[in-house]
Engineer: 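Shown below is the structure under consideration.
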Amino acid sequence: VLSIRGAQEEEPPDAQLMRLDNMLLAEGVSGPEKGGGSAAAAAAAASAGVGPDNSAEHSDYRAKLTQIRQIYHTELEKYEQACNEFTTHVMNLLREQSRTRPISPKEIERMVGIIHRKFSSIQMQLKQSTCEAVMILRSRFLDARRKRRNFNKQATEILNEYFYSHLSNPYPSEEAKEELGKKCSITVSQVSNWFGNKRIRYKKNIGKFQEEANMYAAKTAVSAASVSAHGSQANSPSTPNSAGGYPSPCYQPDRRIQ
DNA sequence: CCCTATGATTCCGT
DNA sequence: ACGGAATCATAGGG
C-alpha cells in the first residue's frame, strides 16, 4: 500500500536472493538443463571429501537432485504464469473501472509493481526451500560418515604395525603416509585420519590398547629377528622406540593374571 | 536392540 | 596446513 517509491528500485536489499541464486546455479538446479547438473554434482562429490566415486550412490543422488530441479522449475513456471494471469486480470479490472472513474497510468504501474513484488517474494520462498532441500540431500548422500566402511584386516594390520613400531613418534611423514596408503589401498587423508584417531584414542586409554600393543610389539620383534637372522647386518629396522611421545607398552611375554 | 569400535568431520589452537 | 579434541554416523557383535 505504502511503497510507491520502492516501485523502481527492487535491487538493494537482495543480497540473500543473490546468494540463493548462486547456490542454485552452483548446485545445478537452476542452471543448464541436464549435463551441467551432473557435472556440478560430480564436482560436489569430489570436493566433499574422500569420495571413491561410488556410482551407485551417486546416481541415486543425481536422480534426487533431478527431481528437485524439476519441481523447482515447474513451480517457478507456475508462479510466473500465475503472476502474469493475475496481472492481466488486474489490468482488465482497472480498464473496466476506467470507464467509471479516471485511472492514471501511474496507478496501474503501481499495482503491477505490487503484484510483482508479491510474487517475487513467493519465488524467494521457493528458492529458499529448494536450497534447503538440496542441502539436506547433500548431507544425506555426500557426507562420508554415512557410508563408512571399515578397512580390511590387512590394512589395519599394516597401519597398526606402523603405529606401534613408531610409538614414540607416531607421526608418519607425507611420504610415509603415501606409502602406507598405497599398501593399504586407501588415500593419504584416510591414513591421516586413521593416525589422528589412533593417537587420540590410544592416549585416552592406554590400558585398553595394552594387549594390542604387546601383540604388535611381539610381531615386529619376531619379524625383526627373522630379518636379522636371514640377513647379515643386525640393523634394527627404523625402530628407535621409547623416545618422547607415548608411553611404551613394555612388552611382557608372560604377563598372566596375577 | 543396545553397546562399543571405528572412520570421517568439525572446531580450534598453533 | 597440521594435529588434538569432541562429535557424528555407521559397522559390528552380543
Side-chain angles (χ1 to χ4, degrees), chain A residues 19-20 22-23 26-28 40-65 67-68 131-220 238-249 251 255 257:
Chain A
R19 273 167 38 97
L20 289 177
N22 283 341
M23 182 190 157
E27 224 59 49
S47 73
V50 201
D53 243 38
N54 195 335
S55 55
E57 290 276 340
H58 194 255
S59 70
D60 206 358
Y61 169 81
R62 233 170 43 202
K64 290 264 195 333
L65 188 67
Q67 198 180 330
I68 289 177
C131 274
E132 236 166 79
V134 171
M135 292 306 260
I136 291 170
L137 185 69
R138 284 193 59 153
S139 75
R140 227 170 163 55
F141 280 82
L142 267 33
D143 186 348
R145 279 180 293 202
R146 291 196 180 259
K147 41 182 194 254
R148 180 179 71 76
R149 296 287 177 273
N150 287 355
F151 299 150
N152 62 43
K153 218 145 187 115
Q154 194 184 351
T156 52
E157 194 92 345
I158 292 167
L159 293 167
N160 272 317
E161 253 167 53
Y162 189 98
F163 180 78
Y164 285 112
S165 64
H166 298 71
L167 202 53
S168 61
N169 187 34
Y171 297 86
S173 64
E174 185 63 24
E175 301 86 62
K177 281 180 191 172
E178 276 170 29
E179 192 170 328
L180 283 167
K182 205 168 180 181
K183 274 200 253 186
C184 303
S185 35
I186 58 179
T187 68
V188 171
S189 53
Q190 283 179 302
V191 175
S192 296
N193 286 341
W194 191 92
F195 274 89
N197 283 321
K198 191 73 184 179
R199 280 192 301 264
I200 193 75
R201 283 163 184 166
Y202 180 81
K203 191 177 73 170
K204 233 170 167 170
N205 189 352
I206 294 177
K208 197 171 64 181
F209 290 93
Q210 190 79 45
E211 216 174 318
E212 190 178 74
N214 291 338
M215 204 189 101
Y216 281 101
K219 188 190 285 253
T220 51
S238 71
T239 317
N241 211 341
S242 72
Y246 292 85
S248 175
Y251 174 48
R255 182 177 62 88
I257 316 100

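As the structure is a computational prediction, the values presented were derived from the model and not from experiment. Just so it is clear, the values below take in all heavy atoms, side chains as well, and ignore hydrogens, waters and symmetry mates. Letters A, B, ... are given to chains in the order of the sequence lines, protein chains preceding strands, and every chain is numbered from 1.
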Engineer: Between OH of A/Tyr202 and CD of A/Gln210, what distance do you get to the nearest 0.5 Å?
Structural biologist: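 The OH atom of A/Tyr202 sits 6.5 Å away from the CD atom of A/Gln210.
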Engineer: Would you call the rings of A/Phe195 and A/Tyr162 parallel, tilted or perpendicular, where under 30° means parallel and over 60° means perpendicular?
Structural biologist: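 The rings of A/Phe195 and A/Tyr162 stand perpendicular, inter-plane angle above 60°.
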Engineer: Please report the distance, rounded to the nearest Å, between NZ in A/Lys177 and C1' in C/dA1.
Structural biologist: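 So the NZ-C1' distance, A/Lys177 to C/dA1, works out to 10 Å.
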Engineer: What closest approach, in Å, do A/Val134 and A/Met23 show between heavy atoms, and which atom pair accounts for it?
Structural biologist: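 Shortest heavy-atom contact: CG1-CE, 4.0 Å.
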Engineer: Can you tell me how far P of B/dA8 sits from CG of A/Asn193, to the nearest Å?
Structural biologist: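 Computing the A/Asn193:CG to B/dA8:P distance gives 5 Å.
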Engineer: Taking the side chain as C-beta and beyond, is there a heavy-atom pair between A/Met215 and A/Asn160 under 4.5 Å?
Structural biologist: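 No. Closest side-chain heavy atoms not under 4.5 Å.
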Engineer: Tell me, please, which residues at least two apart from A/Arg146 pass side-chain hydrogen bond (donor to acceptor under 3.5 Å, both in side chains).
Structural biologist: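 Partners of A/Arg146 under the side-chain hydrogen bond (donor to acceptor under 3.5 Å, both in side chains) test: none.
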Engineer: Once you round it to whole Å, what is the distance between P of B/dG7 and CG of A/Asn152?
Structural biologist: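 The answer, rounded to whole Å, is 10 Å.
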Engineer: Within a 6.0 Å radius of atom CD on A/Gln154, are there more than 12 heavy atoms belonging to other residues, nucleotides or ligands?
Structural biologist: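 For A/Gln154, atom CD is not crowded (no more than 12 foreign heavy atoms under 6.0 Å).
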Engineer: Which residues pass the side chain to side chain contact (heavy atoms under 4.5 Å, CB included) test with A/Ala155, sequence neighbours left out?
Structural biologist: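 Once residues adjacent in sequence are excluded, the partners of A/Ala155 under the side chain to side chain contact (heavy atoms under 4.5 Å, CB included) criterion are A/Phe151, A/Asn152, A/Cys184.
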Engineer: If you compare every side-chain N and O of A/Gln190 against the phosphate oxygens of B/dG7 (OP1, OP2), does one of them come in below 4.0 Å?
Structural biologist: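 No, outside the criterion.
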Engineer: Do any pairs count as a salt bridge (charged side-chain N to carboxylate O under 4.0 Å, His left out) and have a residue in residues 153-170 of chain A, sequence neighbours left out, and if so which ones?
Structural biologist: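 Applying salt bridge (charged side-chain N to carboxylate O under 4.0 Å, His left out) to every pair that reaches into residues 153-170 of chain A, excluding sequence neighbours, yields A/Glu157-A/Lys219.
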Engineer: Write down the protein N/O and nucleotide N/O pairs, taken from nucleotides 5-8 of chain C, whose separation is under 3.5 Å; answer none if there are no such pairs.
Structural biologist:
{"residue": "C/dA5", "atom": "OP1", "partner": "A/Lys203", "partner atom": "NZ", "Å": "2.9"}
{"residue": "C/dA5", "atom": "OP2", "partner": "A/Lys203", "partner atom": "NZ", "Å": "2.5"}
{"residue": "C/dT7", "atom": "O4", "partner": "A/Arg201", "partner atom": "NH2", "Å": "3.4"}

Engineer: Any base atoms under 4.0 Å from A/Phe195, or only sugar-phosphate, or nothing? Heavy atoms, all strands.
Structural biologist: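 No contact.
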Engineer: A side-chain contact here means heavy atoms from C-beta on lying under 4.5 Å apart; do A/Lys198 and A/Tyr164 qualify?
Structural biologist: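 Of all side-chain heavy-atom pairs linking A/Tyr164 with A/Lys198, at least one is under 4.5 Å.
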Engineer: OP1 or OP2 of C/dG4 sitting under 4.0 Å from any side-chain N/O of A/Tyr171?
Structural biologist: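 Checking C/dG4 against A/Tyr171, a side-chain N or O does come within under 4.0 Å of OP1 or OP2.
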Engineer: Specify the separation, in whole Å, of atom NZ of A/Lys198 and atom P of C/dC2.
Structural biologist: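 Rounded to the whole Å, the gap is 23 Å.
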Engineer: Considering the terminal five base pairs at each end of the helix from B/dC1-C/dG14 to B/dT14-C/dA1, what angle separates the two local helix axes, rounded to 10°?
Structural biologist: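 Rounded value for the end-axis angle: 10°.
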Engineer: Please report the distance, rounded to the nearest Å, between CG in A/Leu159 and P in B/dG7.
Structural biologist: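 Interatomic distance, CG of A/Leu159 to P of B/dG7: 8 Å.
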Engineer: Nearest-Å distance, CZ (A/Arg199) to C1' (B/dG7)?
Structural biologist: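 To the nearest whole Å, that distance equals 15 Å.
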Engineer: Check nucleotides 11-14 of chain C against the protein and report each pair of N or O atoms closer than 3.5 Å, with its distance, or say if there are none.
Structural biologist:
{"residue": "C/dA11", "atom": "OP1", "partner": "A/Arg149", "partner atom": "NH1", "Å": "2.7"}
{"residue": "C/dA11", "atom": "O4'", "partner": "A/Arg148", "partner atom": "NH2", "Å": "3.2"}

Engineer: To the nearest 0.5 Å, what is the distance between CD1 on A/Ile68 and CD on A/Glu132?
Structural biologist: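 It is 11.0 Å, given to the nearest 0.5 Å.
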Engineer: Quick one, A/Ser192 and A/Lys177 - any side-chain contact, counting heavy atoms below 4.5 Å?
Structural biologist: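 Yes, their side chains come closer than 4.5 Å.
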